[in-house]
Amino acid sequence: MDKTIEKIVSLCKRRGFIFQSSDIYGGFSAVYDYGPLGIELKNNISNLWWKEMTQVHENIVGLDSGILMHPKIWEASGHLGAFNDPLVDCKQCKSRYRADEFSENYNSINWEKTKCPNCGSVGSLTEPRQFNLMFKTHVGPVEETGTEAFLRPETAQGIYVNYQLVQGAMRMKVPFGIAQIGKAFRNEIIARNFIFRTREFEQMEMQYFVKPGTDNEAFGQWKDKRLKFYLDNLDINKDKLRFHEHGRNELAHYAKEAWDIEYKFPFGWSEIEGIHNRTDYDLSKHEEFSGKNLSYFDQPNNDRYLPYIIETSAGLNRMLLTVLADAYWEDDKNNRTVMRISPRLAPVKAVICPLLKKDGLPEKAREIVEILKPHFKVLYDQQGSIGKRYYRQDEAGTPFGITVDHQSIEDNTVTLRDRDSMKQDRIPIEKVLNAIQDSF
Ligand code: GAP
């Protein structure tokens, strides 16, 4: 694993952001648990996305569909037949690879002459075998054919099969969108780079239903809007974001056009979100497999058609990793590690510290906790030297430190410390709330 990622993994464990699943049993590969700070950060990110989609856009509404769905859905969507990764094994050292890691055009590789990247032996790699990524389970007590079900590999299909119900109930007119946040599962051959590629993850997907012929224009608009979200809402460094267009070999079976938003992670440029023109592929397949008419009736124009779908599909966990990687800063000058997370996203907005555990300072500090805690999450800390307390919170990404000292008792002022500059200002207690709120 890359060194910076290793440091982020260790910080995440130390400060309570992210833990390996089933730690006391030696861990469970490619599944992670989110600790107290991790879940706060994850919620802050997903709330921003939800607000951006369903509040800022009046023509987008939300949905929460089941993880388990009718198995025919996966036949119709093509996931049962085509949601495969090409798997290559080394017979010598038992290492396992995705064939497309060797080359996008892996079909033209001569595997007999290819070296195993792990043990170096030549002639030990198998020909690629197709491996379906969906997790299979059984519904009901008996495991037999007819009881098979799948954990959804994308949240999108739950939206497609509910689209007419949502449209009718909410009287939506094309163009309109349906947004959903939820778990998805993929039996990834190789899970690596911490929470970047895992077997259980969360997606934030929005499906935008448009009239055929207007899809290219809508696609361009959503591309721009989604990039802007990373810059304006998550405050991600502009130079570390870029678009990547899918070539012919990369396009998913449902897509006419696809662009990824990529971030420059310590392990290289990698996808965080995909924007896809899925045409009427999914709806026409569901019409075929369900036998139901899924067309939309455009009353004013007396027109009936199957809408095209523009999809924006982001991984919440990857977005969180983007925020963490972008925030990680080794401040060598001051010998500290800082998570420069935007105050808007920070799990805890301020730490409140009495300088001493006596002379009425803890009581005064508690008064400030009471003022701030109805508005956002704060922490009271009286353990250890003030420097240590601040450095702990620098690693946790807490943007503000408030110190209560003897002067606070006399004139109702405190010092407000900025995490990144370490600058301290003395301000009246009554101004603390605004000072913090103004930062996000
Ligand atoms: N509905 C379209 C779809 O699922 P995708 O490109 O396969 O498209 C969309 O996935 C997003 O889901 C990716 O950009 C990524 O952020 C996230 N994602 C996919 N597989 C993942 C995995 N194994 N672990 C974490 N996130 C994943």
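For ligands, and for the atoms within them, numbers begin at 1 and follow the listed sequence. The figures here come from the full heavy-atom set of this structure, side chains too, leaving out hydrogens, waters and symmetry mates.
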Would you say the ring centroid of Phe267 lies under 6.0 angstrom from that of Phe265?
-> yes
Is the centre of the Tyr32 ring less than 6.0 Å from the centre of the Phe19 ring?
-> no
Counting from 1 in the order shown, the ligand 1 atoms closer than 4.0 Å to a non-hydrogen atom of Glu205 are 1 (N), 2 (C), 3 (C), 4 (O)
In the protein, which heavy atom is nearest to atom 9 (C) of ligand 1, and how far is it?
-> Ser313 OG, 3.0 Å
Nitrogen or oxygen of Ile272 less than 3.5 angstrom from that of ligand 1 | yes
Going by distance only, is there an N or O of His276 that falls short of 3.5 Å from an N or O of ligand 1?
-> no
Closest protein heavy atom (residue, atom, distance) for atom 18 (N) of ligand 1 | Phe201 CE1, 3.5 Å
What is the closest protein heavy atom to atom 19 (C) of ligand 1, and at what distance does it sit?
-> Arg186 NH1, 3.4 Å
In ligand 1, the atoms that come under 4.0 Å of a heavy atom of Glu154 are 1 (N), 2 (C), 3 (C), 4 (O)
Do the side chains of Glu202 and Lys42 get nearer than 4.5 Å, heavy atoms only?
-> yes
Taking the side chain as every heavy atom from C-beta outward, state whether Leu133 and Asn84 have any pair of such atoms under 4.5 Å apart.
-> no
Please check if the distance between the ring centroids of Tyr296 and Phe209 is under 6.0 Å.
-> no
If you have a sec, work out which protein heavy atom is nearest atom 12 (O) of ligand 1 and how many Å separate them, to one decimal?
-> Gln203 NE2, 3.3 Å
Can an N or O of Gly315 be found at a distance shorter than 3.5 Å from an N or O of ligand 1?
-> yes
Looking only at protein heavy atoms, what sits closest to atom 25 (C) of ligand 1 is Phe196 O, 3.2 Å
Would you mind listing which atoms of ligand 1 come within a distance below 4.0 Å of any non-hydrogen atom of Glu273?
-> 14 (O)
Decide ring pair (Phe, Tyr, Trp, His ring centres under 6.0 Å) for Tyr106 and Trp111; before the verdict, give the C-alpha distance in whole Å, the side-chain angles of both, and the deciding distance to 0.1 Å.
-> CA-CA 9 Å; Tyr106 60 87; Trp111 295 97; 7.3 Å; no
Ligand 1 to Arg278, heavy atom cutoff 4.0 Å, flagged ligand atoms 1 (N), 2 (C)
Could you check if a side-chain atom of Met204 sits within less than 4.5 angstrom of a side-chain atom of Met53, using non-hydrogen atoms only?
-> no
Please state which protein non-hydrogen atom is closest to atom 24 (N) of ligand 1 and give its distance, to 0.1 Å?
-> Thr198 N, 3.0 Å
Is the backbone N or O of Thr155 less than 3.5 Å from a side-chain atom of Glu205, with the two atoms forming a donor-acceptor pair by type?
-> yes
Side chains of Phe201 and Arg318 in contact at under 4.5 Å (non-hydrogen atoms) | no
Less than 4.5 Å apart, any side-chain heavy atom of Lys285 and any of Glu75?
-> no
Look at ligand 1 and say whether Tyr254 reaches it with a heavy atom at a distance under 4.0 Å.
-> yes
Ring centres under 6.0 angstrom apart (Phe135, Phe150) | no
Heavy-atom gap Glu200 to ligand 1 smaller than 4.0 Å | no
In the protein, which heavy atom is nearest to atom 13 (C) of ligand 1, and how far is it?
-> Glu271 OE2, 3.2 Å
Does ligand 1 have a heavy atom under 4.0 Å from the side chain of Glu311, from its backbone, from both, or from neither?
-> side chain
Contact region, His79 to ligand 1, non-hydrogen atoms below 4.0 Å, reads neither
Side-chain ion pair, Arg340 and Asp420, N-O less than 4.0 Å = no
Which residue holds the protein heavy atom closest to atom 15 (C) of ligand 1, what is that atom called, and what is the gap in Å?
-> Arg318 NH1, 3.4 Å
